[in-house]
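Heads up: numbering here begins at 1 and tracks the sequence.
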Amino acid sequence: RIAVSGIPHSPLRIESAEALLRTQALTPDLIDAVANAAMTASDPAYSDYRGSATYRRQMAAVLTRRAVEMAWQQEQNK
């Protein structure tokens with residue numbers, strides 16, 4: 001499962017990113033697509049003292065990419 005929090009008002013599951021991971025073998029291009037799906041789906045409606053909407057959107061992509069890469073690496077090391 002892939003979800004983001006702290007971007008919308010409540011945790012948001014990113015099912016479009018999950019669907020990409022279920023249908024294809026993991027590649028760097030697929031990781032990019034998953035990160036972009038998280039960025040698109042998170043779409044914060046506001047900026048506040050913790051960060052702009054643009055920053056939050058970008059961080060959704062960065063953190064999703066890192067999580068997928070870490071999970072992939074752990075699976076490879078089994």
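A donor-acceptor pair under 3.5 Å links the side-chain atoms of Ser47 to the main chain of Ala53, judged by distance alone. When atom types are taken as modelled, the side chain of Thr23 and the backbone of Leu20 share a donor-acceptor pair closer than 3.5 angstrom. No donor-acceptor distance shorter than 3.5 angstrom exists from the side chain of Thr40 to the backbone of Ala37, with no hydrogens or angles considered. Although no hydrogens or angles enter the test, the distance criterion places no donor-acceptor pair under 3.5 Å between the side chain of Glu18 and the main chain of Arg1.
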- Message: Quick one, Glu69 with Ile31, criterion side-chain contact (heavy atoms from CB on, under 4.5 Å). Give me CA distance, side-chain angles, the key distance, then yes/no.
- Response: CA-CA 8 Å; Glu69 288 173 344; Ile31 293 172; 3.9 Å; yes
- Query: Can you check side-chain contact (heavy atoms from CB on, under 4.5 Å) on Gln74 and Lys78, steps first, answer last?
  - Reply: CA-CA 7 Å; Gln74 288 176 357; Lys78 282 187 177 182; 6.0 Å; no
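Salt-bridge formation is not detected for the pair Arg56/Asp43: no Lys NZ or Arg NE/NH1/NH2 atom is positioned less than 4.0 Å from an Asp or Glu carboxylate oxygen.
Taking a 6.0 Å sphere around CD of Gln73, one finds it holds 12 or fewer heavy atoms contributed by other residues, nucleotides or ligands.
Cluster membership for Leu26 and Ile14, using ILVMFWY side-chain heavy atoms within less than 4.5 angstrom, is shared. Under a hydrophobic clustering in which Ile, Leu, Val, Met, Phe, Trp and Tyr are joined whenever their side-chain heavy atoms come within less than 4.5 Å, directly or via other members, Met39 and Tyr55 fall into different clusters. Under the 4.5 Å side-chain heavy-atom criterion for grouping Ile, Leu, Val, Met, Phe, Trp and Tyr, Leu30 is connected to Trp72 within one hydrophobic cluster.
One finds the CD atom of Glu15 at 11.0 Å from the CD1 atom of Ile2 (value rounded to the nearest 0.5 Å). Distance check: Ser5 OG to Arg13 CZ gives 15.0 Å after rounding to the nearest 0.5 Å.
For the residue pair Pro44 and Arg57, the shortest heavy atom distance occurs at O-NH2, 3.8 Å. The two residues Leu12 and Ala41 come nearest to each other via the heavy atoms CD2-O, 3.4 Å. Ala60 and Val4 make their closest contact through CB-CG1, 4.3 Å (heavy atoms, listed as atom of the first residue, atom of the second, distance). Listed here is the closest heavy atom pair of Thr64 and Ala38: OG1-CB, 3.3 Å.
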